[in-house]
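Reviewing the structure listed below.
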Amino acid sequence: MEYSDWNSLQAACADCHNCALGETRGKLVFGTGATDARVLFVGEGPGAREDELGEPFVGRSGQLLDQYLAAIGLDRHTNAYIANMVKCRPPGNRDPLPAEQDACIPWLRAQVKLLRPKVIVCVGRIAAQKLIRKDFAVTREHGQFIQKGAFLMMGTYHPAALLRNPRQKPEALADFLALRDRLQENTGDER
Ligand code: URA
């Protein structure tokens, strides 16, 4: 299905029941941000707080993500877009199942088509293994930029992992600084 604008895409997504997560969700978490952003961040799936509020990354992980965004001049409302692999909360915060990700990915693809970001940042293993490579290893390959079709892809640590293991924070900051450099490169598309 082709969507020519964000309103029709979001309206179609709003009552999705393509998988069982649609039966247990509170709010569907479509995504948030600037629709002319040059960078898209893709997390895993909504947690409890996101499920309540209908916005991605609004819990403790989200506060940390916002700090990394701010460190490189990005903001979730003005010049970045944030979405997840699945738009509905997996019960008990379990990882989204491959079948759930497959059921949901057409919505993410439609978002990418409208956004046309320069860079897609996979926030954590789940997104990186689905969007970059099945055996992507975050600890070894974080911060590396890979051209995939029209997009530059990069995987970095999930902020929840950084909260559990703060020693990895300097590496995550380095990934964001590298992202800033890539976004500043002159490409003729100076959004
Ligand atoms: N973790 C994610 O991956 N996404 C969210 O939206 C919140 C927490």
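Because only heavy atoms are used, hydrogens play no part in the values below, and waters and symmetry mates are left out as well, while side chains stay in. Both counts, for ligands and for their atoms, begin at 1 and track the order of listing. Heads up: numbering here begins at 1 and tracks the sequence.
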What are the two closest heavy atoms between [X] and [Y], and how far apart are they?
X: P117; Y: V112; result: CD-O, 3.7 Å
X: L177; Y: I72; result: CD2-CG2, 3.9 Å
X: P96; Y: E44; result: CD-CG, 3.7 Å

Purely on distance, is any nitrogen or oxygen of [X] under 3.5 Å from one on ligand 1?
X: H158; answer: yes
X: F57; answer: yes
X: G47; answer: no

**Message:** My understanding is that only residues two or more places apart in sequence, or in another chain, count here; which of them pass salt bridge (Lys or Arg N to Asp or Glu O under 4.0 Å) with D95?
**Reply:**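 Counting only residues at least two positions away or on another chain, D95 forms a salt bridge (Lys or Arg N to Asp or Glu O under 4.0 Å) with R125.
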**Prompt:** Side chain or backbone of E44 under 4.0 Å from ligand 1, or both, or neither, by non-hydrogen atoms?
**Reply:**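 Both backbone and side chain of E44 come within 4.0 Å of ligand 1.
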**Request:** List every atom of ligand 1 that sits less than 4.0 Å from any heavy atom of P56, numbering the atoms from 1 in the order shown and giving each element.
**Result:** 6 (O)
**Asked** Taking only heavy atoms of G43, which atoms of ligand 1 are found under 4.0 Å from at least one of them?
**Response**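 It comes down to these atoms of ligand 1: 3 (O).
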**Prompt:** So does R76 pair up with D66, basic N to acidic O under 4.0 Å?
**Reply:** yes
**Item:** Residue and atom name of the nearest protein heavy atom (relative to atom 4 (N) of ligand 1), distance in Å to one decimal
**Value:** N84 OD1, 2.8 Å
**Request:** Would you mind finding which of P46, G31, G45, G62 brings a heavy atom closest to atom 2 (C) of ligand 1?
**Result:**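 Nearest heavy atom to atom 2 (C) of ligand 1 lies in G45.
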**Item:** Plane angle bin for F41 and F176 - parallel if under 30°, tilted between 30 and 60°, otherwise perpendicular
**Value:** parallel
